[in-house]
There are 2 protein chains.
Amino acid sequence: MGHSADGDSAATDFLSFADIAVDTTAERLPGIDRSAMQMVLLLHRVASSIVYDLESTVHRPAGWSWSAFRLLFTLWVAGPRESRQVAHLSGMSRAAVSSLTKTLSASGLLARRSDERDRRAAILSLTARGADALETTFRAHNEREARWASLISEDELATLNGVLTKLARAAQGQEWISRRA
Amino acid sequence: MGHSADGDSAATDFLSFADIAVDTTAERLPGIDRSAMQMVLLLHRVASSIVYDLESTVHRPAGWSWSAFRLLFTLWVAGPRESRQVAHLSGMSRAAVSSLTKTLSASGLLARRSDERDRRAAILSLTARGADALETTFRAHNEREARWASLISEDELATLNGVLTKLARAAQGQEWISRRA
DNA sequence: AGCAGGCGGTCAATGGTTTTACGATCGGGG
DNA sequence: CCCCGATCGTAAAACCATTGACCGCCTGCT
């Protein structure tokens, strides 16, 4: 009987599907790397779930898209920066930053001035109102992050963060990785 | 002097920014949950990087979007399913599945028939060509997953998968989580 | 100084996803 | 038996992000 392809859809949801997918695939395609597959599947699905949850409960109600939040947060942490760098640090394209900047500066959340030394460059920074709004929203954001984190033990959380940090650091040097812009 | 806001942008990239962000935030906003913040930041950034890399080196060249791949893969694993279920299992909206279905069935990769019992429902399934194409693409996909996985040790990988699995399972029952559609 | 090549930001076009609304269908209660 | 509400898939519209082309500016070389 086993949990074959059809049948038990009752307990199968977006997150638990990863288990089934790995088992099925390993069976049907011998030679694939099972753990690697599991890692990517889980990372993607867990991250997506968290982002969806945060966006729909915290950021959309506040009138921001997930990207807008990331942009503002990046500025809040890194301080005034060239548009190019903000794009890089927040993980979006230069065009996306340019477009978001128009909206957010119209709302008075960020300011945009051109660099004196290099007149091509635009320097973005938060306004006082922007910093204020970000801090308020971030608190709500962090409270919800804490709920997610509480689903595992403190030790497990520390372990998770440790391994993810190592993975992120190791990825930094790799030439073969295709990166944004 | 420490690594304050401006200055050392040299070694700061998308992935390593997480460290700086956590430190800066913890300093400026006492009372936030540091580990929870780190977890979400890392999960999002690592997952994004992997997805971007896979999409741009494997799926786009094959003519598929990341979502198209996920849809086909879901069908390949789960077998013929109602459109509704496919959306749920692959983590997208019903509308997105409907839209993708049009494209993919035009390419002859998947078939769409209506359920006999419930004539509202549409049942999606892979064609032979679709299954073939998926298996070929998936091998390339998995090879690249393996490169990512090789950035950490086998033990660490097993640990990572263990914790992520636990997190995914724990999330399953939670009522407070906002889920897609 | 002048020019060639490269880089930063923006615009237009494109593709894909979500939201909203709707027609068709199912199922249960009066 | 017939509504009524709920569900399924889809179409239309809005939104958002990416790619590619472009213009202006910087820099190094001659």
Side-chain angles (χ1 to χ4, degrees), chain A residues 9 48 51-53 55-57 59-61 63-72 74 80-107 110-124 178-181, chain B residues 9 14 44 48 51-53 55-57 59-61 63-72 80-107 110-125 178-181:
Chain A
S9 59
S48 295
V51 168
Y52 186 88
D53 177 63
E55 179 165 18
S56 59
T57 64
H59 301 298
R60 290 292 177 186
W64 295 349
S65 66
W66 175 250
S67 291
F69 170 72
R70 262 164 47 216
L71 176 55
L72 295 173
T74 302
R81 292 274 166 153
E82 283 185 25
S83 181
R84 183 76 168 85
Q85 290 178 48
V86 175
H88 190 221
L89 293 178
S90 63
M92 39 205 201
S93 64
R94 284 177 297 150
V97 170
S98 172
S99 167
L100 267 175
T101 295
K102 224 183 330 182
T103 313
L104 294 174
S105 69
S107 313
L110 67 79
R112 185 186 165 293
R113 63 183 172 79
S114 46
D115 192 341
E116 294 161 7
R117 302 187 183 184
D118 185 343
R119 271 184 301 168
R120 291 172 302 176
I123 299 200
L124 309 181
S178 165
R179 290 178 174 80
R180 200 167 245 109
Chain B
S9 59
F14 178 62
H44 171 63
S48 294
V51 168
Y52 187 88
D53 176 63
E55 180 165 17
S56 59
T57 62
H59 300 299
R60 290 292 177 187
W64 295 348
S65 67
W66 175 251
S67 291
F69 170 72
R70 262 165 46 216
L71 176 56
L72 294 172
R81 293 275 165 149
E82 283 184 25
S83 180
R84 184 75 168 84
Q85 289 179 47
V86 175
H88 190 220
L89 292 177
S90 62
M92 39 205 204
S93 66
R94 284 177 298 150
V97 170
S98 173
S99 167
L100 264 177
T101 294
K102 223 184 332 183
T103 313
L104 294 174
S105 68
S107 313
L110 68 78
R112 187 187 162 291
R113 63 184 172 78
S114 47
D115 192 340
E116 294 160 9
R117 303 186 182 184
D118 185 342
R119 272 184 300 168
R120 289 172 304 179
I123 299 200
L124 308 180
S125 57
S178 166
R179 291 178 175 79
R180 201 165 321 244

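Letters go in sequence order (proteins before strands), and every chain restarts at 1. Here the structure is a predicted model, which means the values were calculated and not measured.
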Q: What's the closest nucleotide to the side chain of A/Glu82 if the choices are C/dT10, C/dG9, C/dT17?
A: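 Nearest to the side chain of A/Glu82 among the choices is C/dG9.
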Q: Just how far, in rounded Å, is P of D/dC25 from CZ of A/Arg84?
A: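 Whole-Å distance recorded here is 19 Å.
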Q: Name the closest nucleotide to the A/Arg180 side chain, picking from D/dT18, D/dG9, C/dG9.
A: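 Closest nucleotide among those given: D/dT18.
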Q: By nearest nucleotide on DNA chain D, pick out whichever of A/Ser99 and A/Asp118 is the more 5' one.
A: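 Counting from the 5' end, the first nearest nucleotide belongs to A/Ser99.
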Q: Could you tell me how far apart A/His88 (NE2) and D/dA17 (C1') are, to the nearest whole angstrom?
A: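 Rounding to the nearest Å, NE2 of A/His88 and C1' of D/dA17 are 18 Å apart.
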Q: Whole Å only: how far is the CZ atom of B/Arg120 from the C1' atom of D/dG5?
A: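 The answer, rounded to whole Å, is 12 Å.
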Q: For the backbone of B/Asp53 and the side chain of B/Thr57, can you confirm whether one donor and one acceptor N or O come within less than 3.5 Å of each other?
A: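 Checked: pair present.
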Q: So which one's nearest nucleotide on DNA chain C is more toward 5', B/Ser65 or A/Tyr52?
A: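 Going by which nucleotide is closer to the 5' end, it is B/Ser65.
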Q: Please classify the nucleic acid contact of B/Ala95 as base, sugar-phosphate, or nothing, using heavy-atom distances under 4.0 Å.
A: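 The residue B/Ala95 makes base contact.
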Q: Specify whether B/Trp64 and B/His59 have parallel, tilted or perpendicular ring planes, treating 30° as the upper limit for parallel and 60° as the lower limit for perpendicular.
A: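 The rings of B/Trp64 and B/His59 lie parallel, inter-plane angle below 30°.
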Q: Evaluate the side-chain proximity of A/Leu124 to A/Val97: yes if any heavy-atom separation is below 4.5 Å, no if none is.
A: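 Yes, at least one pair of side-chain atoms sits under 4.5 Å.
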Q: Measure the distance from CZ on A/Arg113 to P on C/dG8 and round it to the nearest whole Å.
A: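 Taking CZ of A/Arg113 and P of C/dG8, I get 17 Å after rounding.
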Q: In this structure, how many angstroms lie between the P atom of D/dC23 and the CZ atom of A/Arg119, rounded?
A: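 So the CZ-P distance, A/Arg119 to D/dC23, works out to 19 Å.
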Q: Would you indicate, yes or no, if C/dT10 has its OP1 or OP2 atom less than 4.0 angstrom from a side-chain nitrogen or oxygen of A/Arg112?
A: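 For C/dT10, OP1 or OP2 has a side-chain N or O of A/Arg112 closer than 4.0 Å.
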Q: Determine whether the side chains of A/Ser178 and B/Ser56 contain a donor N or O and an acceptor N or O closer than 3.5 Å.
A: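 A pair is found: one side chain offers a donor N or O, the other an acceptor, under 3.5 Å apart.
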Q: CG of A/Leu100 versus P of D/dC15: gap in Å, rounded?
A: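 Going from CG in A/Leu100 over to P in D/dC15 covers 14 Å.
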Q: Would you kindly give the NZ-to-P distance between A/Lys102 and D/dA17, to the nearest whole Å?
A: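 Taking NZ of A/Lys102 and P of D/dA17, I get 13 Å after rounding.
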Q: Given C/dT18, is OP1 or OP2 found less than 4.0 Å from the side-chain N or O atoms of B/Ser93?
A: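 Yes, such a contact exists.
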Q: Quick one: B/Asp115 CG to C/dA24 C1', roughly how many Å, whole number?
A: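 After rounding, the reported distance stands at 15 Å.
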Q: Tell me what B/Ala121 touches on the nucleic acid: a base, only sugar-phosphate, or nothing, going by heavy atoms under 4.0 Å.
A: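 Sugar-phosphate contact only - B/Ala121 comes under 4.0 Å of backbone atoms but never of a base.
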Q: Are the side chains of A/Met92 and A/Leu100 in contact, using a 4.5 Å heavy-atom criterion?
A: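 Yes, close enough: below the 4.5 Å cut-off.
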Q: Could you say whether A/Arg60 or A/Arg94 is positioned toward the 5' end of DNA chain D, judged by the nucleotide with the nearest heavy atom to each?
A: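 Closer to the 5' end of DNA chain D: A/Arg60.
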